[in-house]
Amino acid sequence: MKPQISILVSSLLLALSASVMAAETAPVMDSKSCDPPKYPKAALMNEETGTVSMGFLVGTDGKVVESKVEKSSGSKSLDKAALTALAQCKFKPGTKDGKPDQVWAKVEFVWKLE
């Protein structure tokens, strides 16, 4: 009898975790709606590069409500330029329980010299 209880509990936990994971979908950036960030002159002259990880709280209208740098590229000017430019982008709103809602999106931008 104990193996059946264990299987039942495992099945319930699996179903519960699947429903929690399916309850929220992340916003998706419309890359055609915005211009890529421009290299700051000082950063370009200093040959600064790096990857900045950012978070954007996207409203139900697809516009950025709040933004933050989650992991710096190592250059404040590169971080600020990426955050400022990408905060102007439009997103397909995220959902919670199948309805549009404010949801955080994560975006990385790589600064490299070519």
Side-chain angles (χ1 to χ4, degrees):
M1 182 138 162
K2 285 193 179 199
Q4 291 177 338
I5 292 173
S6 174
I7 292 170
L8 178 61
V9 170
S10 296
S11 297
L12 288 174
L13 289 175
L14 182 60
L16 180 62
S17 66
S19 68
V20 169
M21 291 185 337
E24 185 175 297
T25 60
V28 177
M29 181 187 288
D30 177 6
S31 59
K32 295 177 185 177
S33 71
C34 55
D35 294 325
K38 298 197 182 349
Y39 235 110
K41 287 183 182 182
L44 191 57
M45 289 175 56
N46 292 327
E47 298 182 355
E48 296 174 1
T49 60
T51 301
V52 57
S53 299
M54 301 160 286
F56 295 100
L57 180 60
V58 179
T60 57
D61 59 356
K63 294 181 181 177
V64 174
V65 175
E66 185 179 336
S67 60
K68 62 184 176 182
V69 172
E70 294 184 344
K71 185 176 180 205
S72 175
S73 64
S75 166
K76 287 185 180 186
S77 64
L78 293 180
D79 294 348
K80 183 178 178 183
L83 198 62
T84 301
L86 297 178
Q88 302 305 311
C89 298
K90 291 274 189 178
F91 288 77
K92 177 182 175 192
T95 63
K96 286 184 183 173
D97 297 324
K99 298 175 186 172
D101 201 352
Q102 287 189 353
V103 180
W104 283 93
K106 294 188 181 208
V107 178
E108 285 190 340
F109 188 80
V110 179
W111 292 97
K112 58 184 176 181
L113 299 170
E114 294 182 7

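Computed from a predicted model, the values in this text were never measured in an experiment. Throughout, numbering of the chain's residues begins at 1 and tracks the sequence.
- Residue pairs that meet the ring-ring contact (aromatic ring centres under 6.0 Å, His included) test with at least one member in residues 66-86, sequence neighbours left out, do not exist here.
- Grouping the Ile, Leu, Val, Met, Phe, Trp and Tyr side chains by contacts below 4.5 angstrom, directly or via other members, places Phe109 with Leu113.
- With Pro27 as reference, Val58 is the one residue of Thr60, Val64, Val58 to meet the side chain to side chain contact (heavy atoms under 4.5 Å, CB included) rule.
- Partner of Val52 under the side chain to side chain contact (heavy atoms under 4.5 Å, CB included) criterion, out of Pro37, Ser75, Ser73, Ser72: Ser73 alone.
- Pairs of residues two or more places apart, or lying in two chains, that qualify as ring-ring contact (aromatic ring centres under 6.0 Å, His included) and include a residue from residues 25-55 are Tyr39-Trp111.
- In plain terms, the two heavy atoms of Gln102 and Gly59 that are nearest each other are CG-CA, 3.8 Å.
- Between the CG atom of Leu86 and the CZ atom of Phe91 there is a distance of 7.5 Å, given to the nearest 0.5 Å.
- Here CG of Asp79 is found 12.0 Å from CD of Glu70. Values are rounded to the nearest 0.5 Å.
- Taken from CD in Gln88 to NZ in Lys63, the straight-line distance is 10.5 Å, to the nearest 0.5 Å.
- Under the 4.5 Å side-chain heavy-atom criterion for Ile, Leu, Val, Met, Phe, Trp and Tyr, Met54 and Val103 are members of distinct hydrophobic clusters.
- The minimum heavy-atom distance between Gly62 and Pro93, with the atom names listed, is N-CG, 3.9 Å.
- A chain of hydrophobic side-chain contacts below 4.5 Å, direct or via other Ile, Leu, Val, Met, Phe, Trp or Tyr residues, connects Leu78 to Leu44.
- Residues Phe56 and Val69 share a hydrophobic cluster, clusters being chains of Ile/Leu/Val/Met/Phe/Trp/Tyr side chains in contact below 4.5 Å.
- To the nearest 0.5 Å, atom OG1 of residue Thr51 and atom CD of residue Glu108 are 6.0 Å apart.
- A donor-acceptor pair under 3.5 Å is formed between the side chain of Thr25 and the backbone N or O of Thr95.
- Not a single salt bridge (Lys or Arg N to Asp or Glu O under 4.0 Å) links Lys76 to another residue, sequence neighbours left out.
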